[in-house]
Structures are given as C-alpha cells and as structure tokens.
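Nothing here was measured: the structure is a model prediction, and the numbers come from that model. Numbers restart at 1 for each chain; the letters A, B, ... are given by sequence-line order, proteins then strands.
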Amino acid sequence: MPELPEVETVRRGLSTLIVGKTVKSVNFDWPKGFPNTPADVKQFLVGATINAVRRRAKVLMIDLSSSYSLVIHLKMTGQLVYRGKQAFGAGHPNDSLIGELPDKSTRVDFEFMDKSHLYFNDQRKFGWVRLLPTIDVPNIEFMKKVGPEPLTDEFTANVFIERVRRRANTTIKAAILDQTVLAGIGNIYADEGLWGAKIHPSQRVICVSDSKLKLLHKELRFVLELSIEKGGSTDRNYVDAEGKRGSYIDFARVFRREGLDCSRHPGVMIEKSKVAGRGTHTCPVCQKYQS
DNA sequence: CACTTGACCTGTCCGC
DNA sequence: TGCGGACAGGTCAAGT
C-alpha cells in the first residue's frame with residue numbers, strides 16, 4: 001500500500017493522536033513480523049511514553065521515553081489505526097474503510113493508559129514491527145542503504161540525475177522504484193511522475209536525456225507534495241491513522257485510469273502494461289518509447 | 001557486479 | 001455457485 005505520501009500522512013496523524021500517551025499493554029502473537037520477546041516489550045515498551053513519530057523513506061519510527069523506538073514498515077497492506085474511547089466512527093461516520101477493531105487482520109494491539117488503542121493491521125503480513133534502541137535505528141540494513149528523501153532542499157535535480165544514472169542499464173521505472181536511488185517512490189507515484197515528465201517507463205536510463213530527468217525530478221516532487229496534501233492515495237487498503245481514505249487517486253492522471261482518456265489527449269485511452277514486474281499505466285501519445 | 005525474477009501472504013475479482 | 005488464475009500500493013533472496 002503505502003508510499004511516501006501515505007506513510008507521511010499516517011505519521012502526521014499519529015503525531016497528533018498518540019504523542020504524550022503512555023503504553024499500558026501490548027497484545028501480539030506474530031513472531032515473523034514482530035519478533036521481539038515479551039520480556040523486551042515489558043521492559044522497553046510497556047510503561048513508556050511516546051515522545052515523537054518520525055518517518056524515513058517508507059518507514060515509521062515511534063520514539064519512546066525508554067530510549068527505544070518502534071520501527072514499522074507497512075509494506076503493501078499494513079495499517080496503523082488509532083481508536084479513542086469514543087464510539088467507532090464518531091466524527092466521520094462514513095469515511096472509515098474498516099469496522100470494529102481488533103479484527104482478523106490485527107497483528108499488534110497497543111493499548112494506552114487512557115484506554116485508547118493503536119492497531120497494526122496487515123492483511124498480507126508483509127509488514128514488520130521492531131522494537132530497538134533509538135540510537136540503533138540508523139544501523140538497520142534498510143536505513144543504511146536507503147537513498148535521499150526526495151522532498152528535502154538537498155535533493156536537487158543534479159543529485160537525482162547523478163543517482164539515477166547509476167542504474168544506467170535498467171528501465172527508468174525500475175530505477176526510480178529502487179529505494180537506494182531515492183526514498184519513497186512506489187508504483188503509483190512512479191507512473192504519475194513518468195506521465196508528468198512524458199517519459200515511457202520502459203525507457204532505459206541511458207536513453208533518457210538530462211533535461212528529461214530534470215523534468216522527472218520536478219514531477220516526482222510535485223506528485224508527492226500534492227498527494228501529501230490530499231492525504232495519500234486509497235486504491236484498496238490504505239487508510240490514515242484515523243481509518244480514513246486518502247483522495248489523491250481522484251487527481252491521478254494515469255494510475256488506475258486504464259481505458260479512460262488522457263487529460264492531455266481527449267479521445268486517447270490510458271493503457272496498462274507490465275514494466276519492472278509491476279502494473280504500469282501510460283498514455284500512448286505523450287509517453288512515446290524511443291530506441 | 002548489474003539486473004531480473006520469484007517468494008513472501010491473504011483477499012478479491014474475473015472468466016469459464 | 002464453484003474453481004483456477006491473475007492481480008494487488010514493497011522489498012529481499014536467489015537466479016542469470
């Protein structure tokens with residue numbers, strides 16, 4: 001599910017909802033996804049207060065007063081949903097995509113002292129949760145190799161071009177999906193950015209000009225920013241920290257729009273194919289493949 | 001080394 | 001209605 005805008009939306013929601021709360025108990029039985037022992041959880045999580053919620057790439061870090069952090073990757077179908085004491089759905093009765101929690105997809109249930117809960121739900125179980133010393137978070141394998149944050153001032157077009165060119169012989173779509181090249185792009189924003197820059201996803205990096213890459217850098221940042229503003233994309237499973245859907249998908253130009261008109265070319269239908277092993281959406285007129 | 005493909009899981013949808 | 005296969009927003013290990 002979640003790419004950078006979705007994870008950032010969850011981070012913002014959790015910052016408002018859980019910072020300052022103290023963990024009362026944790027209910028979990030999922031050794032593969034959350035391998036910490038009950039003893040670890042009792043010592044470093046239960047009784048600890050949430051200090052901050054951070055994000056790096058598509059990973060969330062919940063920093064605790066114990067100097068430990070919960071490090072969480074949602075992968076395809078992970079959700080972090082907070083439920084307060086109020087009745088389910090209060091305030092936004094029809095917005096929630098999910099019902100009573102916990103449910104059959106609940107993998108971890110964090111209870112706070114005020115009786116509210118944070119549920120980690122994950123239908124496909126690809127996601128993971130780790131409890132480790134905050135100081136060790138940058139040393140986990142993923143953090144050591146992940147590329148720069150695309151929305152920082154330091155991530156200039158030149159930085160993007162230099163990094164993406166390291167993947168000279170692969171397709172441009174595979175290159176921008178590679179988390180070591182830059183952080184946070186997934187299948188939705190790869191397709192959206194490539195349409196914006198009018199580049200065919202199958203184009204080899206070596207065949208894409210610097211000026212096209214410069215435009216792609218700008219378009220990727222644009223779609224990421226816009227999506228954060230819209231609360232992310234809900235295609236199937238994604239929900240924010242309150243269980244609500246995001247609305248970027250209503251603004252998408254190609255993703256999940258196969259058979260519909262390209263907004264630049266009325267009468268021309270968006271096509272769907274497979275590139276880099278992923279479902280890929282393109283306009284056959286604005287994204288010409290050049291060999 | 002660079003690159004591609006399958007595996008990891010569960011659920012849904014679509015055609016026969 | 002049932003059944004098989006393809007597909008789903010990510011990443012890694014194992015192939016070539």
Original post:
Hydrophobic cluster mates of A:V59, side-chain heavy atoms under 4.5 angstrom, ILVMFWY only, any path?
Top reply: A:M61, A:V71, A:W128, A:L132, A:V137, A:I140, A:F142, A:M143, A:V146
Original post:
Are the aromatic ring centres of A:F110 and A:Y82 under 6.0 angstrom apart?
Top reply: no
Subject >> DNA chain C contacts among residues 135-145 of chain A, heavy-atom distance under 4.0 Å >> reply: A:F142, A:K145
**OP:** Within residues 219-233 of chain A, find the residues that approach DNA chain C with a heavy atom at under 4.0 Å, and present them sorted by residue number.
**Re:** A:S233
**OP:** Could you list the residues that satisfy ring pair (Phe, Tyr, Trp, His ring centres under 6.0 Å) with A:F28, not counting sequence neighbours?
**Re:** A:F34
**OP:** Tell me which nucleotide among C:dC7, B:dT4, C:dG10 gets nearest to the side chain of A:R204.
**Re:** B:dT4
Atom pairs and distances, donor-acceptor, side-chain atoms in residues 249-257 of chain A, under 3.5 Å, two or more places apart:
{"unit_1": "A:R253", "atom_1": "NE", "unit_2": "A:E192", "atom_2": "OE1", "d": "3.1"}
{"unit_1": "A:R253", "atom_1": "NH2", "unit_2": "A:E192", "atom_2": "O", "d": "3.1"}
{"unit_1": "A:R257", "atom_1": "NE", "unit_2": "A:R253", "atom_2": "O", "d": "3.2"}
{"unit_1": "A:R257", "atom_1": "NH2", "unit_2": "A:D261", "atom_2": "O", "d": "2.9"}

**OP:** Sequence neighbours left out, what passes salt bridge (Lys or Arg N to Asp or Glu O under 4.0 Å) with A:K115? Give chain and number order.
**Re:** none
**OP:** Could you list all the side-chain hydrogen bond (donor to acceptor under 3.5 Å, both in side chains) pairs where at least one residue sits in residues 163-186 of chain A, not counting sequence neighbours?
**Re:** A:E162-A:R166, A:R165-A:D210, A:R167-A:D178, A:K173-A:N187, A:K173-A:D191, A:K173-A:T280, A:D178-A:T180
**OP:** For A:G127, answer base if it contacts any base atom (sugar-phosphate contacts may also be present), sugar-phosphate if it contacts only those atoms, and nothing otherwise; contact means non-hydrogen atoms under 4.0 Å.
**Re:** nothing
Original post:
So which of residues 167-181 of chain A are in contact with DNA chain C, with a heavy-atom cut-off of under 4.0 Å?
Top reply: A:Q179
Original post:
When every nucleotide of nucleotides 5-11 of chain B is labelled 5' to 3' by its protein contacts under 4.0 Å (heavy atoms), B for base, S for sugar-phosphate only, - for none, what sequence of letters results?
Top reply: ---BBBS
Subject >> Base-paired stems that DNA chain B participates in, counting runs of 3 or more Watson-Crick or G-U pairs under 3.5 Å >> reply: B:2-8 with C:10-16, B:10-16 with C:2-8
Original post:
Taking only residues two or more places apart in sequence or in another chain, which ones pass side chain to side chain contact (heavy atoms under 4.5 Å, CB included) with A:R221?
Top reply: A:L151, A:F155, A:H217
Original post:
Listed by chain and number, what are the salt bridge (Lys or Arg N to Asp or Glu O under 4.0 Å) partners of A:R124, not counting sequence neighbours?
Top reply: none
